[in-house]
Colleague: 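I have a structure here, written as structure tokens, and I will follow up with some questions on it.
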Amino acid sequence: MRIATWNVNSLRVRLPHVLDWLAAQRPDVLCLQELKLEDKAFPSAELEAAGYHAVSNGQKTYNGVAILSRGAAADVVRDIPGFDDPQKRIIAATIGGVRIVCGYFPNGQAVGSDKFDYKLRWLAALTTWLRDELKTHPRLVLTGDFNIAPTDQDAHPDWKDEIHVSAPERDAFTALIDLGLSDAFRLFEQTGQSYSWWDYRMGAFRRNFGLRIDHILVTRALADACRRCSIDSAPRKLERPSDHAPVLVDIEI
DNA sequence: ATGGCCACTCTAAGTGGA
């Protein structure tokens, strides 16, 4: 089973890239973030023609998440249950016996800001909800744009901002790991400095000035079956790219 | 590090992203 995640930064603009990537990589599941469109504008027909069903939790202009899959999606949940939030950042579904949780985690803007407080509250609510989900789903994948670089290894040495690398954010990431999840990317030897996001400005991609903030976390039952996890930076080289690269994992189930 | 973003929106300049 191949599961992937990609923050596309506008599905309207990036649909051609998504269709090309689906054809090339043939994932069983692709989680998307930052759709920036409402469900009524979701390109279901184009994706169906490519062989993918979709469930979405869309929002105009900001946020918006979706799960594409070749097989049927069951037990769909939109938003974190019990957490009152107008921002569309979560969708979950069960596909092929695996619980998939797709998240677009808040950015946080700056440490100490109102948006940072929201990020931490959102992370706490997510953690509480997942603790429950895990009771009934031993095979669970938490994936998406976490907006957290979990260790120094995951940020370019010259990254000077506190946001994405601060202690409270990293503690929240660790709290998710402590639920019994593993960072699939770090289950394997990786070469060089690996990032999943590069700023559009300052030639950041060319200089590999990036952050690894897009993650695939898996429960122990799935970690044992993981065979490969990688970041595909090829789409970042295209014309009008997303600023994020897709991340994919192959699980032998 | 000597560069100069991108997508969105009540289509102008402001917001948000990371």
Side-chain angles (χ1 to χ4, degrees), chain A residues 5-18 31-43 56-66 85-90 102-123 126 143-173 176 185 192-216 231 233 235-247:
Chain A
T5 182
W6 196 1
N7 177 325
V8 290
N9 184 22
S10 169
L11 184 56
R12 198 173 271 120
V13 173
R14 232 64 67 190
L15 184 60
H17 290 185
V18 171
C31 295
L32 299 176
Q33 303 88 37
E34 275 208 271
L35 307 179
K36 297 187 175 181
L37 48 75
E38 292 172 289
D39 288 337
K40 65 185 180 189
F42 193 88
S56 64
N57 189 14
Q59 183 181 336
K60 188 180 179 181
T61 312
Y62 304 112
N63 312 310
V65 287
D85 185 3
Q87 302 188 31
K88 302 302 186 186
R89 297 182 173 278
I90 283 286
C102 167
Y104 173 48
F105 294 40
N107 175 307
Q109 200 165 58
V111 174
S113 67
D114 288 350
K115 287 176 182 172
F116 188 76
D117 292 341
Y118 164 69
K119 182 175 192 171
L120 296 183
R121 285 189 290 109
W122 190 94
L123 282 158
L126 175 70
T143 188
D145 175 2
F146 285 56
N147 272 315
I148 300 170
T151 72
D152 288 346
Q153 197 180 4
D154 303 309
H156 190 281
D158 293 338
W159 181 264
K160 295 303 179 200
D161 285 345
E162 279 297 304
I163 195 67
H164 310 302
V165 300
S166 73
E169 290 165 275
R170 286 178 168 175
D171 289 348
F173 186 90
L176 289 169
F185 191 74
Q193 293 177 306
S194 301
Y195 306 124
S196 66
W197 170 85
W198 303 263
D199 201 305
Y200 284 121
R201 297 167 290 185
M202 299 174 285
F205 182 65
R206 177 177 46 78
R207 295 185 295 119
N208 196 29
F209 186 97
L211 299 173
R212 192 176 72 90
I213 53 178
D214 300 87
H215 306 297
I216 302 175
I231 300 168
S233 58
R236 188 64 177 78
K237 303 180 175 100
L238 299 170
E239 289 292 315
R240 284 191 94 183
S242 168
D243 43 359
H244 293 254
V247 184

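Labels below follow one simple rule: chain letters A, B, ... track the order of the sequence lines, proteins then strands, and each chain is numbered from 1.
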Colleague: Can you tell which of A/Q59, A/E38, A/K60 makes a side chain to side chain contact (heavy atoms under 4.5 Å, CB included) with A/K88?
Modeller: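 Output: one option passes, namely A/Q59.
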Colleague: Give a yes/no answer on whether the side chain of A/T61 brings an N or O atom under 4.0 Å of OP1 or OP2 in B/dT15.
Modeller: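 No, outside the criterion.
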Colleague: If you restrict it to nitrogen or oxygen atoms, what contacts under 3.5 Å exist between nucleotides 16-18 of chain B and the protein, and what is each distance?
Modeller:
unit_1: B/dG16; atom_1: O5'; unit_2: A/K115; atom_2: NZ; d: 3.3
unit_1: B/dA18; atom_1: OP1; unit_2: A/N7; atom_2: ND2; d: 3.3
unit_1: B/dA18; atom_1: OP1; unit_2: A/E34; atom_2: OE1; d: 2.7
unit_1: B/dA18; atom_1: OP1; unit_2: A/Y104; atom_2: OH; d: 3.4
unit_1: B/dA18; atom_1: OP1; unit_2: A/D145; atom_2: OD2; d: 3.3
unit_1: B/dA18; atom_1: OP1; unit_2: A/H244; atom_2: NE2; d: 3.4
unit_1: B/dA18; atom_1: OP2; unit_2: A/Y104; atom_2: OH; d: 2.7
unit_1: B/dA18; atom_1: OP2; unit_2: A/N147; atom_2: ND2; d: 3.0
unit_1: B/dA18; atom_1: N9; unit_2: A/N107; atom_2: ND2; d: 3.3
unit_1: B/dA18; atom_1: N7; unit_2: A/N107; atom_2: OD1; d: 3.3
unit_1: B/dA18; atom_1: N7; unit_2: A/N107; atom_2: ND2; d: 2.8

Colleague: Name all residues meeting the salt bridge (Lys or Arg N to Asp or Glu O under 4.0 Å) criterion together with A/R170; count only those two or more places apart in sequence or in a different chain, and write none if there are none.
Modeller: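 If we apply the salt bridge (Lys or Arg N to Asp or Glu O under 4.0 Å) test to A/R170, skipping adjacent residues, the hits are A/D152.
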Colleague: Provide the distance between the two C1' atoms, one in B/dT2 and one in B/dC6, to the nearest whole Å.
Modeller: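 Between the two C1' atoms, the distance is 22 Å.
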Colleague: Identify whether any heavy atom of A/R206 sits under 4.0 Å from a base atom; if not, whether one sits that close to sugar-phosphate; answer base, sugar-phosphate or nothing.
Modeller: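 Nothing, no heavy atom under 4.0 Å.
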Colleague: Classify the angle between the aromatic ring planes of A/W159 and A/W197 as parallel (below 30°), tilted (30 to 60°) or perpendicular (above 60°).
Modeller: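 The arrangement is perpendicular - the two ring planes meet at more than 60°.
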Colleague: What's the CD-P distance between A/Q59 and B/dA7, to the nearest Å?
Modeller: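 Atom-to-atom, A/Q59 to B/dA7, this comes out as 19 Å.
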Colleague: With respect to the phosphate group of B/dA7, does any side-chain polar atom (N or O) of A/K60 fall under 4.0 Å of OP1 or OP2?
Modeller: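 For A/K60, the contact criterion (side-chain N or O under 4.0 Å from OP1 or OP2 of B/dA7) is not met.
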Colleague: Taking the side chain as every heavy atom from C-beta outward, state whether A/P106 and A/Q87 have any atom pair closer than 4.5 Å.
Modeller: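 A/P106 vs A/Q87: side chains apart.
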Colleague: Would you mind reading off the distance between A/M202 atom CE and B/dC6 atom C1', rounded to a whole angstrom?
Modeller: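 The answer, rounded to whole Å, is 13 Å.
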Colleague: Can you sort out the partners of A/T61 under side-chain hydrogen bond (donor to acceptor under 3.5 Å, both in side chains), two or more places apart, ordered by chain and number?
Modeller: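 None.
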Colleague: To the nearest Å, give me how far apart CH2 (A/W198) and C1' (B/dA1) are.
Modeller: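 So the two atoms are 19 Å apart, to the nearest Å.
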Colleague: Using the C1' atom as the point on both nucleotides, what is the distance between B/dT9 and B/dG4, in whole Å?
Modeller: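 The same atom, C1', in both gives a distance of 24 Å.
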Colleague: Any side-chain N or O of A/R207 under 4.0 Å from OP1/OP2 of B/dG3?
Modeller: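 For B/dG3, OP1/OP2 do not have a side-chain N/O of A/R207 under 4.0 Å.
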Colleague: Pair A/D39, A/S56 - check side-chain hydrogen bond (donor to acceptor under 3.5 Å, both in side chains), show working.
Modeller: CA-CA 6 Å; A/D39 288 337; A/S56 64; 2.7 Å; yes
Colleague: What's the gap between B/dC10 and B/dC5 when it is taken at their P atoms, as a whole Å value?
Modeller: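 Each nucleotide's P atom is 24 Å from the other's.
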Colleague: Can you tell me, in whole Å, how much space there is between the P of B/dA18 and that of B/dA7?
Modeller: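 Rounded to whole Å, the distance is 13 Å.
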Colleague: Please report, rounded to the nearest Å, how far the C1' atom of B/dT2 is from the CZ atom of A/F209.
Modeller: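 My rounded result for the distance is 15 Å.
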Colleague: Using atom CG of A/D158 as one end and atom C1' of B/dA1 as the other, report the distance to the nearest whole Å.
Modeller: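 So the CG-C1' distance, A/D158 to B/dA1, works out to 8 Å.
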Colleague: Is any side-chain heavy atom of A/N147 less than 4.5 Å from a side-chain heavy atom of A/Y104?
Modeller: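 The answer is yes; the side chains approach within 4.5 Å.
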